[in-house]
Amino acid sequence: MSAYPEGHSSLLENLNPEQRAAVTLPHESALILAGAGSGKTRVLTTRIVWLIQTGQVSPHGILAVTFTNKAAKEMMTRISAMLPINTRGMWVGTFHGLANRLLRTHWREAGLPQSFQILDSQDQLSAIKRLMKAMNVDTEKYEPKKVQWFINGHKEAGRRARDAEAFDEYSMRMAEIFEAYDAQCQREGVADFPELLLRAYELLYRNEPLRQHYRDRFKHILVDEFQDTNTLQYRWLKLFAGPHTALFAVGDDDQSIYAFRGANTANMAEFEREFAHGNVIKLEQNYRSHGHILTAANTLIARNAHRLGKNLWTAEGEGEPIRIFEAWSDQDEASFVVDEVRTLSREGVALSDMALLYRSNAQSRVLEHALFSAHVPYRVYGGLRFFERQEIKHALAYLRLLTNPEDDGAFLRVVNFPTRGIGARSLEQLADNAARSGSSLWQAACTSSGKVAGFAKLIEGIKQATADLPLAEVIDHVIEASGLGDYYRADKDGADRLENLNELVNAAALFSEESEENTLDAFLAHAALEAGEHQAGAGHDALQLMTVHAAKGLEFHTVFITGLEESLFPHEQSAHEENGLEEERRLMYVAITRARRRLYLSHAQSRMLHGQVRYGLPSRFLDELPAQVLLHLNRRAESACPSGMQQATGHYGSPAPRSPGSDTGYKVGQSVAHAKFGTGIIIDFEGRGPDARVQVKFRDAGTKWLALAYAKLSPA
DNA sequence: GCGTGACATTTTTTT
DNA sequence: AATGTCACGC
């Protein structure tokens with residue numbers, strides 16, 4: 001303690017020994033294994049403040065990297081609250097945000113036009129489709145989505161088209177498309193998300209003086225959510241870290257839930273070997289959840305084989321048991337949740353302190369319906385983001401065209417929207433002309449005649465009229481001059497879209513005020529990189545609905561995890577993926593550890609999926625929890641559902657029709673046990689009497705048809 | 001050129 | 001169920 005000047009003790013006062021050790025580590029690389037709720041963000045921000053306050057580094061020498069804009073903002077807010085001095089010069093942001101910053105500064109060295117534009121995933125996909133059409137690629141055989149996946153996967157692993165392993169006809173063609181796609185992007189002056197990272201990486205890799213400059217500058221690099229880094233991001237960090245840089249990586253391998261998009265869990269072990277050299281601190285004290293909840297989480301995650309190893313504990317009491325509810329149907333499940341939420345709300349738990357979690361977005365519909373009917377205020381996270389709405393994308397495309405006319409994607413998006421009589425045939429002609437002279441569509445349009453030339457004049461006119469206007473007024477002018485405003489005013493369903501366009505003008509005004517750079521290019525980059533968090537309805541007390549993925553990093557008094565059925569959670573897709581089940585289990589671990597005080601787990605026997613009733617078995621994750629912390633709210637007797645009870649629990653519609661074979665004592669939807677195949681659920685029925693056969697979906701043994709007369713089935 | 005209906009297609013999500 | 005994509009006819 002005495003090693004550091006007085007006055008900093010208050011900074012370290014409320015930290016536990018491990019947290020303090022992490023915050024005050026000497027100038028060395030280290031790995032901080034921080035469990036859920038262990039004060040990870042606090043350690044990260046406190047370390048930055050401590051480093052600066054003790055004079056070990058100036059804000060200028062710090063680089064802090066996060067994954068989401070939300071996390072970056074949160075970090076900045078906390079730092080400013082602790083540090084009265086200005087924090088400018090400190091680089092805090094997302095990987096992509098920082099890469100963008102680098103490329104904007106060194107655009108020439110990176111081989112990009114000064115006004116290069118960023119393609120979001122949507123833009124990228126349409127660029128790929130456009131290219132494949134021009135190349136005459138069969139989109140049945142080569143699905144554009146797969147191509148996008150292929151390209152991004154390679155880029156995220158740090159590979160260009162020439163490095164892509166191509167051994168058969170299929171992958172060779174894919175690599176060809178990849179190469180042509182990158183050429184198209186280069187021609188048009190656009191970069192997709194992974195391209196930002198790869199370009200920035202290559203820039204520093206090839207440019208020795210520049211690399212040296214940044215290596216000398218950043219004395220401390222701190223990384224949040226390190227378990228989510230992909231191969232390229234890790235190499236990126238290694239490039240930035242010179243011999244005198246301390247890399248401080250904070251992460252939790254148990255919360256790695258983004259392997260499906262390239263996150264490489266092995267990075268943590270690798271980092272430990274390459275940088276930390278055993279300099280590892282584990283934060284295992286959890287300040288969030290009560291004991292039973294942690295016990296459940298620990299027991300569950302212990303089943304995963306590939307772990308660095310960590311066990312959370314709490315100084316709090318055991319708390320309440322975990323409540324399990326078995327519903328007949330998804331609607332039954334929803335009405336159960338509504339009842340419990342209302343009761344808790346009456347008891348004083350704020351709605352905003354309760355979360356309703358599900359594995360996939362499609363599950364929210366039924367829940368929303370029930371909440372809406374019961375007049376329970378709720379807010380759904382996720383879904384369409386502000387800058388991804390079509391009217392916003394249209395306006396942005398006009399803006400992109402103003403600053404970067406080579407952008408064919410933007411050109412095509414708005415050349416005939418609002419419609420101005422420029423159809424597919426004229427565009428084909430235009431594209432031919434452009435291809436022949438090797439120029440962009442825009443250039444070809446400028447030298448053409450008729451309606452296409454009219455469009456070029458329109459854009460040229462807008463460009464001149466807005467040359468000296470402030471950002472917000474530029475956008476306002478574009479909306480009107482382009483005809484977007486008139487178009488949506490005439491559309492009877494256009495009111496919302498008009499309002500969003502208005503909101504875009506406001507967002508631009510706000511952006512000019514808040515950021516140092518208020519150029520159009522900066523705003524367009526901002527729009528691409530921070531598409532979300534522009535959502536209405538914040539601030540009201542409302543029940544929080546979201547996918548488990550979206551819940552990471554958040555915490556609530558009460559958490560409901562719904563749809564705990566086999567093939568839904570764990571998702572059936574995960575069975576086909578390598579280590580897919582382990583990732584699903586980590587997802588469940590994340591879900592459980594969101595709860596502070598009360599946790600509900602529910603599953604339904606039947607559920608509407610893709611317009612069909614499906615029957616699901618309870619999730620294996622329920623069996624993986626220790627029985628002594630569970631409370632079964634309605635563990636049912638052996639028998640099937642008495643028909644009257646379905647209505648009593650809110651099952652809509654007419655009672656189930658008498659199914660064939662209801663005389664045999666078995667019916668569709670019922671759980672059964674088989675001596676050899678284990679437990680399963682009846683999903684279909686065929687025949688009567690001695691010929692009766694049932695189709696049973698077994699949890700572990702797949703789906704089978706069994707003759708009732710021979711198979712030794714028993715109700716389970 | 002544009003609107004309409006048949007058709008398939010359904011994880012998770014940030015940047 | 002709901003949504004997007006695509007071919008077809010006006």
Side-chain angles (χ1 to χ4, degrees), chain A residues 65-72 93-100 118-126 129 133 139-140 143-145 149 152 155-156 191-198 200 225 228-230 232-233 256-263 330 357-366 368-369 381-385 387-388 390 415-428 451 525-533 546-553 563 567-577 580 583-584 586-588 590-591 607-614:
Chain A
V65 199
T66 64
F67 272 82
T68 63
N69 293 298
K70 204 169 112 200
T94 63
F95 276 102
H96 293 84
L98 297 171
N100 178 55
I118 301 170
L119 301 185
D120 67 16
S121 315
Q122 279 177 39
D123 299 332
Q124 186 189 26
L125 188 61
S126 44
K129 285 182 183 165
K133 205 166 179 187
T139 50
E140 303 269 288
E143 292 167 55
K145 278 244 178 66
W149 185 255
N152 289 351
K155 286 189 181 180
E156 275 160 4
D192 55 50
F193 285 132
E195 181 70 26
L196 290 177
L197 295 180
L198 189 50
E225 306 274 17
D228 288 332
T229 49
N230 60 37
L232 179 57
Q233 285 162 335
S256 162
I257 54 175
Y258 287 111
F260 73 93
R261 64 166 204 234
D330 47 355
L357 307 184
Y358 33 82
R359 175 67 179 82
S360 60
N361 277 311
Q363 289 166 251
S364 76
R365 205 175 297 278
V366 179
E368 282 185 70
H369 181 81
Y381 285 78
L384 198 59
R385 291 135 152 227
F387 285 109
E388 287 171 359
Q390 64 150 346
V415 64
N416 199 33
F417 193 95
T419 50
R420 25 181 93 86
I422 302 174
R425 243 199 8 241
S426 344
L427 285 178
E428 224 166 274
K451 289 169 175 167
H526 165 83
L529 292 172
E530 297 187 39
E533 294 327 296
M546 63 191 89
T547 63
V548 180
H549 282 92
K552 191 164 88 156
S567 83
L568 201 59
F569 197 0
H571 198 279
E572 57 186 340
Q573 202 83 21
S574 69
H576 314 147
E577 285 160 20
E583 174 138 325
E584 293 288 310
R586 291 194 292 269
L587 201 48
M588 182 67 183
V590 168
R607 180 178 297 279
M608 279 298 257
L609 203 63
H610 312 320
Q612 277 187 322
V613 180
R614 303 242 253 152

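What you see below is based on every heavy atom in this structure, not just the backbone, and it leaves out hydrogens, waters and symmetry mates. Below, chains carry the letters A, B, ... as their sequence lines are ordered, and counting in each starts from 1. Keep in mind that this is a model prediction, so the values were computed, not measured.
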Task: NE2 on A:His96 to CG on A:Leu196, rounded to 0.5 Å - done: 6.0 Å

Task: 5' precedence on DNA chain B between A:Lys451 and A:Phe193 (nearest-nucleotide basis) - done: A:Lys451

TODO: Ignoring the backbone of A:Thr68, work out which of C:dA2, B:dG1, B:dT15 is nearest its side chain.
DONE: B:dT15

TODO: Indicate yes or no: does A:Arg365 engage A:Glu368 in a salt bridge with an N to O separation below 4.0 Å.
DONE: no

- [ ] Return no unless some side-chain N or O of A:Arg385 is found under 4.0 Å from OP1 or OP2 of B:dT14.
- [x] yes

Task: Spacing between A:Asn416 atom CG and B:dG1 atom C1', to the nearest angstrom - done: 8 Å

Open item on the list: Just so I know, are the side chains of A:Val548 and A:Phe569 near enough to count as touching, which here means a heavy-atom distance under 4.5 Å?
Closed with: yes

Task: Gap between atoms NE2 and C1', on A:His96 and B:dT15 respectively (whole Å) - done: 4 Å

Task: N/O (side chain, A:Ser426) to phosphate O (OP1/OP2, B:dG1) under 4.0 Å - done: yes

Listing time: all N or O pairs from protein to nucleotides 3-12 of chain B that are below 3.5 Å?
residue: B:dT11; atom: O4'; partner: A:His571; partner atom: NE2; Å: 3.2
residue: B:dT11; atom: O2; partner: A:Arg359; partner atom: NH2; Å: 2.7
residue: B:dT11; atom: O4; partner: A:Glu577; partner atom: OE2; Å: 2.6
residue: B:dT12; atom: OP1; partner: A:Asn361; partner atom: N; Å: 2.7
residue: B:dT12; atom: O4'; partner: A:Arg359; partner atom: NH1; Å: 2.9
residue: B:dT12; atom: O2; partner: A:Arg359; partner atom: NH2; Å: 3.0

TODO: Report the distance from atom NZ of A:Lys129 to atom C1' of C:dC6, rounded to the nearest whole Å.
DONE: 11 Å

Open item on the list: Could you check whether any side-chain N or O of A:Glu577 sits under 3.5 Å from a backbone N or O of A:Ser574, counting only pairs where one atom can act as donor and the other as acceptor?
Closed with: no

- [ ] Return the set of residues passing side chain to side chain donor-acceptor pair (under 3.5 Å) with A:Asn152 (not counting sequence neighbours), or none when no residue passes.
- [x] A:Gln124

TODO: For A:Ala99, report the nucleic acid contact type (base, sugar-phosphate, nothing); a contact means any heavy atom under 4.0 Å.
DONE: nothing

Task: CA sep, side-chain torsions, deciding dist, call: A:Phe260, A:His549, ring-ring contact (aromatic ring centres under 6.0 Å, His included) - done: CA-CA 12 Å; A:Phe260 73 93; A:His549 282 92; 5.7 Å; yes

TODO: Mind calculating the distance between CD (A:Gln124) and C1' (B:dT13) to the nearest angstrom?
DONE: 14 Å

TODO: Provide, to the nearest angstrom, the distance between the CD atom belonging to A:Gln122 and the P atom belonging to C:dT3.
DONE: 16 Å

- [ ] Using whole Å, report how far CG of A:Asp123 lies from C1' of B:dT15.
- [x] 13 Å

- [ ] Round to a whole Å and report the spacing from CG of A:Asn69 to C1' of B:dT13.
- [x] 13 Å

Task: Length of the CD-P vector between A:Gln612 and C:dA2, whole Å - done: 15 Å

Open item on the list: For A:Asn416, is there any backbone N or O sitting under 3.5 Å from a side-chain donor or acceptor partner on A:Thr419?
Closed with: no

